[in-house]
Amino acid sequence: MSSLELEPNFTDADAFYAALAEVHRDCDDETSRQINARLILILANQVGDQSLLEEALHVAAEIKHQQAQARGPNTP
Amino acid sequence: MVSRHEYPVYSDTPPPELSGGGHHRRAVIVGAGPAGLTAAIDLARQGVASLVLDDNQTVGVGSRAICFAKRTLEIFDRLGCGQAMLDKGVTWQVGKVFFRDREVYRINQRADQGHRMPAVVNLQQHHCEAYLVNRAQQFPSHIELRWKNEVIAVDSRSDGTALTVSTPDGTYSLTCEYLLVADGASGGIRDMLGLTSRGQVFKDRYLIADVVMKADFPTERWFWFDPPFHPNQSALMHRLPDDVLRIEFQLDAQADPEEEKKEANVRSRVQAMLGADVPFELEWASVYTFCCRKIDRFVHNQVLFMGEAAVQVSPFGARGANGGIQGAENLSWKLGRVIRGEAPAALLHTYDSERQQGAAEDVLHATRAAEFIRPRTSTIRAFRDAALELAEHYPFARALVNSGRLSRPCVYEGSPLSTDDDPSFPPLMHPGSPPQDAPVTVDGEKMWWLHLLGDHFCLLVDGRMEGVSALRLATELQQVLEETPDLVLRIVGPVPDAVRRLPRSTVIHDANGYLTVRHDLRPGNGYLFRPDQHVAARWRELRADAIIEAIKRSNGLTLKSLEESARVQPGA
């Protein structure tokens, strides 16, 4: 079974990032949230494999957890 | 509120215990609902008598459960009342999902070919209960139904239970070896024994209304997310027999149930949904709270919990009554054999382990539907709305939309009653699985496979063999039949004479191939089915000693201890 790809896998990373920003450029937060939700569902279906998706969810949530730890208990 | 439906009133005759005598029973069932009546009929078919006590005098008023799934209908069919349910019930295939003012997609759940029963019928629970009562009354020497008999005290001990029962004519006491508790979600016996049902109570409430409407409405299930007539909430409309529509409205968590239940308020909600000009009568309305909970163990001493007394689930997904009836079936063949002395009492603990697994599945699916319908945060709501929007245009997103999945029976994974599988079979129909129906013929007469499967241990054999291998098969089967009186053979033919002459055997023909394909049958293969028709074992090559061992295992005769019988291996 393959594991989540965490090395660069884009055909053109800069172009993707620019396109992502372009989609959101003129959106308010609510519209952006809707676009992001649709985008995640579309990409999740493309990945398909439940264990890969769970790994991705874990990695995504883990960074938030690490940041909270790095800030320490007394930081608001 | 008018109720056009006339509910049957069952007569309550003073129990003989009030004038002394008859104070001990092998089996007492509390609650004449779907689970309790299923158990009573199933036990009666095995020659086991039971006393059924119900605190009411009629069937459950209102419609309550409405979706009876294929496996449940097959169970009713085995009990002898499936045809009545099928004739009365509404068979539907099309489900439509609406988001705001648009239909986003429709599902056509065409029934698989080659099954007697459809995927689901809609039927008011009171009809279901009335048919079960009618059927139960056909076993006068094995089922005694006592109405207006309320259990007011219970004393459970390791060897039985003492009950105090209140009736309009006075109070009496009796004792029983086994007490089957099917007194519903709010039943009192759990509390009397100090047991707690644990799980999740959802904040939102639902208004549920049964509406009589003559106007044409398609036989479909319509589910709305955030509709114009009920903004930010969800609603469901479902067709029932007798020109009744079941309508459900999700309400705010702050909604006042008493206020919502008032006829004028219900009418205005329904009118907004149906349109201003559509005439209707309101038959029944109620407000309920979503709830998914169960007790940790379904067996306490000699007390066995069933139906909603054991596990309660939120309604979207049709897991309540269906799970309850499937649980009653799981219990009945085991209890029948324990009472008749053919199986050890440890077998009853597999009722707990197998049905805890079923209950956990039911709770999981019901909870997932409830979470989709009512997102907990605005971000989760954005995902739900995204799925609904995408579903209108792209098929992949329809898989995410969950307005309640079709109820499916539990596969008892890793059951101690199952024999290790032969890995050369495909996964479908592995041990623990419920059966798959098929049209077959016997002596030129068309029949359904599940009718032939019946409620004994049954060995399905592919006997399409010749010569020496056929003789060897006949010898093995002969030995199995001699050593296991509680077994019938169903042999797929054409078969040679040596096989045809076997006792307790029926030769069947699978002209359309459904049975063969669904079991991946090849000559010499065999499937062992338990009395509840679930697969116990299967083999590519049949050997008498292996079959006899598998039957013993399924009867609980090889269970080493209560721990092993209560153990379930997850995800086997």
Side-chain angles (χ1 to χ4, degrees), chain A residues 1-6 9-11 13 15-71 73 75-76, chain B residues 97-105 107 223-228 231-234 360-361 364-365 367-403 405 408 411 413 423 427 570-572:
Chain A
M1 192 170 55
S2 58
S3 64
L4 188 69
E5 182 59 79
L6 293 169
N9 189 41
F10 299 104
T11 52
F16 165 71
Y17 193 86
L20 183 64
E22 180 61 29
V23 162
H24 287 286
R25 188 182 307 280
D26 298 321
C27 296
D28 58 32
D29 285 352
E30 183 53 32
T31 309
S32 277
R33 176 152 70 178
Q34 292 167 1
I35 292 169
N36 283 341
R38 290 193 284 265
L39 182 65
I40 287 169
L41 298 184
I42 291 164
L43 296 178
N45 181 62
Q46 181 67 39
V47 173
D49 184 272
Q50 177 67 9
S51 61
L52 285 184
L53 291 168
E54 285 183 13
E55 208 183 329
L57 285 166
H58 179 77
V59 169
E62 186 63 23
I63 287 176
K64 181 180 154 197
H65 178 66
Q66 285 167 355
Q67 285 170 342
Q69 279 186 331
R71 277 197 298 271
T75 316
Chain B
V97 175
F98 300 87
F99 181 42
R100 301 191 178 125
D101 57 347
R102 305 159 73 85
E103 178 188 330
V104 292
Y105 79 106
I107 332 159
F223 196 101
W224 288 266
F225 292 94
D226 194 8
N232 293 316
Q233 306 288 1
S234 61
E361 272 183 31
L364 176 73
H365 287 284
T367 303
R368 284 176 174 176
E371 299 272 8
F372 189 87
I373 291 163
R374 167 52 66 90
R376 284 167 181 264
T377 70
S378 57
T379 298
I380 301 173
R381 189 186 181 100
F383 281 117
R384 187 202 74 175
D385 291 352
L388 286 163
E389 284 165 358
L390 290 165
E392 187 178 354
H393 306 284
Y394 306 108
F396 88 86
R398 293 168 200 163
L400 297 169
V401 175
N402 189 349
S403 66
R405 304 276 181 230
R408 293 190 192 286
V411 177
E413 302 290 358

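Protein chains get the first letters and strands the later ones, always in sequence-line order, with residue 1 at the start of each.
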Quick one: what part of B/Ala387 sits under 4.5 Å from any heavy atom of chain A, side chain, backbone, both or neither? both
Qualifying residues under side chain to side chain donor-acceptor pair (under 3.5 Å), relative to A/Glu22, sequence neighbours excluded: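 For A/Glu22 the side chain to side chain donor-acceptor pair (under 3.5 Å) partners, ignoring immediate neighbours, are A/Arg25.
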Sorted by chain and number, sequence neighbours left out, side chain to side chain contact (heavy atoms under 4.5 Å, CB included) with A/Val23 holds for A/Ile35
Please identify each residue that fulfils side chain to side chain contact (heavy atoms under 4.5 Å, CB included) with A/Ile42, with sequence neighbours left out.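 Once residues adjacent in sequence are excluded, the partners of A/Ile42 under the side chain to side chain contact (heavy atoms under 4.5 Å, CB included) criterion are B/Leu390, B/Phe396.
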Would you mind checking chain A against chain B for donor-acceptor pairs under 3.5 Å and listing them?
| unit_1 | atom_1 | unit_2 | atom_2 | d |
| --- | --- | --- | --- | --- |
| A/Arg33 | NH1 | B/Ser378 | OG | 3.0 |
| A/Arg33 | NH1 | B/Thr379 | OG1 | 3.1 |
| A/Arg33 | NH2 | B/Ser378 | OG | 3.3 |
| A/Arg38 | NH1 | B/Glu389 | OE1 | 2.4 |

Nearest atoms (heavy-atom pairs only) where A/Ala37 meets B/Ala382: CB-O, 3.6 Å
